[in-house]
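Accompanying notes for the structure given below.
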Amino acid sequence: LLAALAWGLAVSGLAQEAATGAVSGVIRVEKARVKTTGAKSFKDVVVYLSPLASAAYPPPAAHAVMDQKGLVFIPHVMAVQKGTTVNFLNSDHDRHNVYFLYDDTGETLDIGTWGPGQSVSHTFEKPGLVITLCQLHLEMAAYILVLDAPFFTVSEIDAETMSAAYEIRGVPPGNYQLGAWHKKLKLKGGKVDVDVAAGETTAADIIITRAKYAR
């Protein structure tokens with residue numbers, strides 16, 4: 001029975017993979033170098049697909065997790081789909097606070113202060129960049145990019161090559177725009193139009209660079 005169940009799940013997974021496509025490529029840093037070590041480095045790049053056709057994507061049931069440990073938010077950069085609930089943990093021996101600064105409007109939201117071993121949850125209903133801070137420890141900061149669709153990944157820049165590979169799988173066939181977010185650099189040339197076909201991988205390399213070189 002277990003073998004049959006495993007076989008059924010495998011077949012289902014293969015069928016789902018055949019019905020969807022993927023986008024992959026290389027992210028290259030141009031005319032810049034970024035720090036890739038330390039808790040607040042610049043190694044993280046969010047790569048995402050925005051569907052050109054309107055569609056509804058139910059948010060995931062599973063919660064994402066952002067920890068506060070060693071007076072650092074972990075992870076430093078997080079991408080979530082709109083409607084995702086994030087659990088903010090306190091793994092330190094100090095009390096912590098979490099408040100948000102919405103990059104597009106400048107508005108703030110304080111979700112509370114809590115002690116060691118406790119956690120508070122928040123559901124992100126609006127797409128955009130949310131800078132996450134602690135009012136009790138001003139040196140703490142993290143970045144949460146809230147996206148409309150569930151097609152994204154976070155890649156890490158290699159210190160030697162100043163590049164990173166990415167892959168976004170499970171993408172329904174259709175037309176998309178490929179975008180990237182980095183906390184210091186910009187996507188050169190703007191978003192890229194990509195077409196996704198079932199059972200195929202579309203190759204799309206991108207460049208991130210200083211704002212003055214991005215156009």
Side-chain angles (χ1 to χ4, degrees), residues 9-37 41-60 62 64-65 74-84 124 127-129 142-211 213-215:
L9 291 173
V11 170
S12 176
L14 289 173
Q16 183 178 5
E17 186 171 340
T20 60
V23 179
S24 68
V26 175
I27 309 159
R28 185 162 56 88
V29 177
E30 184 178 87
K31 296 183 179 180
R33 293 196 67 83
V34 296
K35 178 184 176 183
T36 59
T37 58
S41 76
F42 296 86
K43 65 181 179 181
D44 298 303
V45 185
V46 180
V47 185
Y48 60 92
L49 291 170
S50 301
L52 294 182
S54 59
Y57 302 100
V65 177
I74 303 171
H76 182 55
V77 172
M78 173 183 284
V80 298
Q81 182 189 347
K82 181 179 68 175
T84 298
F124 290 88
L129 177 63
Y143 301 83
I144 300 176
L145 187 63
V146 185
L147 299 162
D148 282 311
F151 314 122
F152 54 81
T153 188
V154 181
S155 296
E156 296 184 357
I157 297 171
D158 177 74
E160 294 185 5
T161 65
M162 283 290 110
S163 65
Y166 79 90
E167 183 178 30
I168 305 173
R169 302 176 64 181
V171 183
N175 308 116
Y176 298 83
Q177 281 196 323
L178 178 69
W181 178 89
H182 183 269
K183 71 176 186 178
K184 182 178 181 180
L185 304 177
K186 302 294 184 182
L187 178 63
K188 185 175 181 178
K191 294 182 179 180
V192 180
D193 291 330
V194 295
D195 298 326
V196 177
E200 298 183 8
T201 297
T202 301
D205 295 341
I206 56 177
I207 294 172
I208 56 175
T209 186
R210 300 179 188 273
Y213 303 125
R215 294 184 178 182

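When reading the values below, keep in mind they use all heavy atoms of this one structure, side chains included, and skip hydrogens, waters and symmetry mates.
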Exercise. Which atom pair, heavy atoms only, marks the closest approach of Gly179 to Lys191?
Worked result: CA-CG, 4.1 Å
Exercise. For Ser163 and Val26, which heavy atoms make the closest approach, and how far apart are they?
Worked result: CB-CG1, 4.2 Å
Exercise. Hey, are the side chains of Val23 and Thr201 touching, using non-hydrogen atoms and a 4.5 Å cut-off?
Worked result: no
Exercise. Does any non-hydrogen side-chain atom of Arg28 lie less than 4.5 Å from one of Thr161?
Worked result: no
Exercise. Is the backbone of Glu30 close enough, under 3.5 Å, to the side chain of Thr209 for a donor and an acceptor to pair up by distance?
Worked result: yes
Exercise. Nearest 0.5 Å, what's the CG-CH2 distance between Leu129 and Trp181?
Worked result: 5.5 Å
Exercise. CG/Leu52 to CG/Asn175 distance, rounded to the nearest 0.5 angstrom?
Worked result: 5.5 Å
Problem set entry | Lys31 backbone acceptor or donor facing Arg210 side chain under 3.5 Å | yes
Exercise. Of the non-hydrogen atoms in Lys186 and Ala214, which two are nearest, and what is the gap between them?
Worked result: CB-CB, 3.7 Å
For this session: Could you go through the side chain to side chain contact (heavy atoms under 4.5 Å, CB included) check for Val34 and His182 one step at a time?
Result: CA-CA 11 Å; Val34 296; His182 183 269; 4.1 Å; yes
For this session: Please say which of Asp44, Leu185, Val45 ends up in a side-chain contact (heavy atoms from CB on, under 4.5 Å) with Ile157.
Result: Val45
Exercise. How far apart are the closest heavy atoms of Pro51 and Phe151, and which atoms are they?
Worked result: CG-CE1, 4.3 Å
Problem set entry | Axial cation check for Phe42 ring with Lys184, 6.0 Å and 45° limits | yes
Exercise. Going from CD1 on Ile207 to NZ on Lys188, what distance comes out if it is rounded to the nearest 0.5 angstrom?
Worked result: 5.0 Å
Exercise. Under 3.5 Å, is there a donor-acceptor pair between the side chain of Ser155 and the main chain of Ala165?
Worked result: yes
Exercise. Is a donor on one side and an acceptor on the other found under 3.5 Å between the side chain of Thr153 and the backbone of Val47?
Worked result: no
Exercise. Side chains of Lys35 and Thr37: does their closest heavy-atom pair fall under 4.5 Å?
Worked result: yes
For this session: Rounded to the nearest 0.5 Å, what's the gap from OG on Ser24 to CZ on Arg169? Could you check?
Result: 10.0 Å
Exercise. Looking at Phe124, does the NZ or CZ of Lys82 lie under 6.0 angstrom from its six-membered ring centre and within 45 degrees of the ring axis?
Worked result: no
Exercise. Taking all non-hydrogen atoms of both residues, which atom of Val154 and which atom of Ala79 are closest, and how far apart?
Worked result: CG2-CB, 4.2 Å
Exercise. Does Gln81 use its side chain to pair, donor to acceptor, with the backbone of Tyr57 at less than 3.5 Å?
Worked result: yes
Exercise. Just how far is it from atom CG of Asp148 to atom OG of Ser50, taken to the nearest 0.5 Å?
Worked result: 7.5 Å
Exercise. When rounded to the nearest 0.5 angstrom, what is the spacing between CG in Leu147 and CG in Leu145?
Worked result: 4.0 Å
Exercise. If every non-hydrogen atom of Thr36 is compared with every non-hydrogen atom of Lys43, which pair is closest and at what distance?
Worked result: O-CD, 3.6 Å
